[in-house]
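Lettering of chains follows the sequences in order, A, B, ..., and the numbering in each one begins at 1.
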Amino acid sequence: MSETKTEEINYQIVVCGVGGQGVLLLTDILTNLATDQGIKVRGSETHGMSQRGGTVLCTIKVGPKAYSPLIMDGTADIIIALEKHEALRYSPLLKKDGWIVVNTKELLPQSWKLDKEAVETARKNFEDDINKITPNVCFVDAEELAKKAGAVIAQNVVMLGAAAACEDFPFTSDQVKKTLEKVVKKRFVDLNLQAFDNGLEKGISA
Amino acid sequence: MFRRFASREGNDTMSLLGNAAIARGAMEAGVQFVAAYPGTPSTEIIEALRSVGKELDIYVEWSVNEKVAMEVAASAAISGLRTLFAAKHVGINVAADPMMTLSLSLGIVGGMVIVAADDPSCHSSQNEQDSRFMARMANMPCLEPADIEEAKDMTSHAFDISEQFGVPMMVRSTTRISHSKGNVTLEPILDEKRDPNFVKDYKKWVCIPSNTRVNHKRVIDQRDRMREWLPGSGLNFIENNEVEKKEYGIITSGISYAYVKEALDYLGVEVPILKFGMVWPIERKILSDFADLVDKIIVIEEVEPYLETIIAHELTILNKKNELLGKYRGEVTPRTLELNGLLVAKGLHSYLGGNMPPQQDQSVYDSIIPHIPNRPPVLCAGCPHRNTFRAMRKTIGTKAIYNSDIGCYTLGDPNLTNTCLDMGGSIAMGSGFGKLYTDRPVVAIIGDSTFFHSGITGLVNAVYNRSRLMVTIVDNRITAMTGMQDNPGSGKNALGDAAPIINIEAICKAVGANYVKTIDPFDLPAIEATYKEALETLDDGVAVIISTQACAMEERRVRRKEGIIKFYKVDLELCDGCGRCIRVGCPAIEPSEELNEKGRPKMIIDPEICNACGLCVYECTRDAIQLVEIRK
Ligand SMILES: Cc1ncc(C[n+]2csc(CCOP(=O)(O)OP(=O)(O)O)c2C)c(N)n1
């Protein structure tokens, strides 16, 4: 986490995953987080078709230079991937030596369920592939860490925790937690704070 | 969050979706009457307004289609109320008939805003089209916001301008405005309720030729007055007019302005920019000034070369000789798909120079692409549409001509989807095909919301013209594709009150279809028998099968609320790994780690995804799949 002054922040975040994984909620938390700090933020969301088992991409730009919500190829500071293979799909957005924080959870698309070979090849090559993109990768078993916090659905917040551990992430964990308390439904606050901490701890140790 | 969004005082900065910002703009302008039909990317404007409707005393309705919504809205606007209509770009087509005459002849009294949400790149649409041309065709003023903050302010401003000039106004949004999110500063809500005050005036409100001839002239004169009013409005502005190098200048509008700003940042160059906030009518004064300031003009815009075309004409009128570049010939930006900062930077670089956009090592990505799976959208687990498609494949077969429609069921089965044109098109196209082909069944597949939208007229046509047609209405009691909006079959209206349930079966019978039957798609033997029976009757007239079962996602939501969790589970002792169940294409079924003697995987069902429809049970020959029900 950085100590940067708010007016100097220009930080670009890619959040991706598969429909139903909570990509939109994570985006919501991030835009609220920037808003709570009084920093300009613009994000893009995918709605509609892509939610039906499709791939979901959200881009979030924080700072005074956020004119449009879209991130140009080669400029994102971090990719937070809620599903393993989705990290690769959006890798062209990442700047040189940017961070990838990736959930090792794998969701098989329909086409792969009966294609053992495709799955095996992808699994075998995964680490090589991701290391070709950047040396800065943090693998997170978010399913496990979310279960520990109390519910599998909190994987997105675990991933936020891991991302918050990256050195140039522009918000402190206290700031994130304050926003979480406001954005998440009351009865899920404790669970989400725990999920965040679990992710953060994993991120720091990675 | 809701409290802040609905706050009458404003005086707050909060993170909002672009569509919620548009809704807030309408609230701040004192909107009182809202009518719309859902469609991505416009739906959430209405979702936001209906969430505050009761509290702020705003009437909000889901109308049955966009044409009806426009007409409903017109009644309020000519009664002096501030009125909002919103639709996706193709919804504007459906509403075009009343919209044209409302703008070209009648006019309005209370401010009326028509939000058109375009979808460049067709993220969730059947085409890419540019609503600015529709505004131009209607000679209707059109604002185009470049950012969500501006979207809120322009929507609010549009009500004032509309009222001042007595004309409906279009606000053109695009996906990257409507579905972007960011911080927006709220202002107070105009808390001034008006009583409807329709003043009869035969010459104004009745579009007979003698009246319209006069009114059309009035509209044209008014648009000229608007051009003269524009310079003081602050809607259009020039930036960077101080820069030294003035060989090129950029004209832009909407989200493209944001891409231009980013592209110039990226290239590290500055050139004058003329940003149009109002894209019809075009302000001549500012264009003339700009044409004098720069030699050549580059137009950056999304979808059609709209501004480019209009500006070429205006420059001729102004007797300016500037060279004009843009997208018409594809020289600066591509002719299709949405723009982004990088595309604009690449396009501008050839003319403006500056830092080259960074070249990425494409070979790295190329080497990993084969390892990234495709994820085409599929029907949800437990979706009743899946069962209906299965029954049709088994009984009608693939020789038939299947005309599909617009909704979740468009994803049903590519082999049983031979045409898809527009909402309601399935039955009408089927009506035509049914006259052309008598040697094979002609089928139309349409959802409940789409049937109410524009399927009924097609059905009347098919019966009246004695077409040989089999209609399937996949009735899941909700408008699912756009995010679960209620419709005339759901028993609830947009404000959450109980509403009459319009009976689809009774409609089909009243229209005169020869065979009409409602079935439950979860009862597979019954649905197959019904199709077989219906097929025998096609020579006697139109057959309609209404396949009624609630949307799986909606069912799940209701069930979970009641504390019930239901799913199916595979007994791996009994499963022999035959793989029949997984071939139904349900997202909940997956191969397990356990293999059968041939080395093929036995199957498991993900309890988080399963919606307990039981389709897989019909496939299992070994009774290996059992229902689990947990009550909390
Ligand atoms: C003219 C037009 N208006 C609106 C839409 C947006 N839209 C896409 S599908 C759909 C409705 C689908 O509802 P239904 O027919 O009930 O099928 P379901 O998705 O529930 O299966 C709508 C409104 C559109 N594509 N075109």
Side-chain angles (χ1 to χ4, degrees), chain A residues 18-20 27-28 31-32 34-36 38-55 58 60 65-75 85-86 88-89 91-92 95-96 108-114 116 118-119 121-122 125-126 129-130 132-133 152 182-183, chain B residues 1 13-15 17 40-41 43-44 123-125 146-148 175-176 179-183 255 257-259 261-262 265-266 338 340-342 345 357-358 360 364-365 367-380 408 411 481-483 579 582-583 585 587 589-591 601 608-609:
Chain A
V18 174
T27 306
D28 208 28
T31 52
N32 273 289
T35 305
D36 288 347
I39 309 172
K40 183 176 180 187
V41 59
R42 293 292 179 261
S44 76
E45 297 188 346
T46 18
H47 290 215
M49 296 283 263
S50 32
Q51 278 175 38
R52 282 159 182 79
T55 157
C58 291
I60 298 119
K65 291 198 168 171
Y67 292 105
S68 86
L70 296 183
I71 292 178
M72 293 190 213
D73 278 3
T75 65
H85 303 287
E86 296 305 307
L88 299 178
R89 190 186 313 280
S91 61
K95 72 177 186 190
K96 192 169 175 301
L108 291 186
Q110 219 54 27
S111 59
W112 270 13
K113 285 186 180 170
L114 295 171
K116 215 172 155 195
V119 182
T121 316
N125 286 290
F126 185 73
D129 283 345
I130 208 155
K132 275 190 233 167
I133 300 158
V152 264
K182 283 200 261 180
V183 176
Chain B
M1 286 294 152
T13 298
M14 70 182 293
S15 167
L17 187 69
T40 318
T43 312
E44 301 82 5
H123 294 284
S124 325
S125 300
D147 178 66
I148 56 177
T175 304
R176 299 308 181 180
H179 286 172
S180 69
K181 201 167 247 176
N183 25 28
I255 189 85
Y257 168 76
Y259 301 143
K261 295 288 277 185
E262 285 171 358
D265 255 8
Y266 207 72
E338 68 178 357
N340 56 52
L342 189 61
Q360 283 192 311
V364 168
Y365 193 54
S367 73
I368 62 179
I369 283 178
H371 309 143
I372 306 173
N374 280 333
R375 294 186 193 272
V378 290
L379 295 180
C380 302
C408 291
L411 313 170
M481 181 109 234
T482 44
I582 201 168
R583 277 183 223 112
I589 307 177
E590 282 176 25
E608 283 295 319
I609 303 179

Visitor: Give, for atom CG of A:D73 and atom CG of B:N340, the distance between the pair rounded to the nearest 0.5 Å.
Guide: 7.5 Å

Visitor: Based on non-hydrogen pairs under 4.5 Å, which of B:S180, B:G579, B:P373 is most in contact with chain A?
Guide: B:P373

Visitor: From B:K181 NZ over to A:D28 CG, what is the distance, rounded to the nearest 0.5 angstrom?
Guide: 3.5 Å

Visitor: What part of A:S44 is in contact with chain B, defined as an atom under 4.5 angstrom from a non-hydrogen atom: side chain, backbone, both or neither?
Guide: both

Visitor: Give the member of B:T482, B:I369, B:D265, B:L379 that has the highest number of heavy-atom pairs under 4.5 Å with chain A.
Guide: B:D265

Visitor: Top residue by heavy-atom pair count (under 4.5 Å) with chain B, among A:R42, A:H85, A:E45, A:K116?
Guide: A:R42

Visitor: Chain A heavy atoms under 4.5 Å from B:P591: which part of the residue, side chain, backbone, both or neither?
Guide: side chain

Visitor: Knowing that exactly one of B:I148, B:I255, B:T175 qualifies, which makes a side-chain contact (heavy atoms from CB on, under 4.5 Å) with A:P69?
Guide: B:I255

Visitor: When heavy-atom pairs shorter than 4.5 Å are enumerated against chain B, which of A:Q110, A:K65, A:K96 gives the highest number?
Guide: A:Q110

Visitor: Taking all non-hydrogen atoms of both residues, which atom of A:L88 and which atom of B:Y365 are closest, and how far apart?
Guide: O-CE1, 3.5 Å

Visitor: Considering non-hydrogen atoms only, spot the tightest contact between A:I39 and B:N183 and give its length.
Guide: O-ND2, 2.6 Å

Visitor: Taking A:S68, A:A122, A:S91 one by one, which has the highest count of heavy-atom pairs under 4.5 Å against chain B?
Guide: A:S68

Visitor: NE2/B:H371 to CZ/A:R89 distance, rounded to the nearest 0.5 angstrom?
Guide: 14.0 Å

Visitor: How close do A:N32 and B:S15 get, heavy atom to heavy atom, and via which atoms?
Guide: OD1-CB, 3.7 Å

Visitor: Can you list everything that forms a side-chain hydrogen bond (donor to acceptor under 3.5 Å, both in side chains) with A:K40? Sequence neighbours excluded, please.
Guide: none

Visitor: What distance do B:E590 atom CD and A:W112 atom CH2 have between them, rounded to the nearest 0.5 Å?
Guide: 13.0 Å

Visitor: Between chain B and each of A:A118, A:P92, A:C58, A:S111, count heavy-atom pairs under 4.5 Å; write down the option with the most.
Guide: A:P92

Visitor: With a 4.5 Å heavy-atom cut-off, do A:T75 and B:L342 have their side chains touching?
Guide: no

Visitor: Among residues at least two apart in sequence or on other chains, which ones pass salt bridge (Lys or Arg N to Asp or Glu O under 4.0 Å) with A:K132?
Guide: A:D129

Visitor: Do you know which of A:T121, A:I130, A:I71, A:N125 has the most heavy-atom pairs under 4.5 Å to chain B?
Guide: A:N125

Visitor: Can you tell me which portion of A:L114 sits under 4.5 Å from chain B's heavy atoms? Options are side chain, backbone, both or neither.
Guide: side chain

Visitor: B:I589 versus chain A, heavy atoms under 4.5 Å apart: side chain, backbone, both or neither?
Guide: backbone

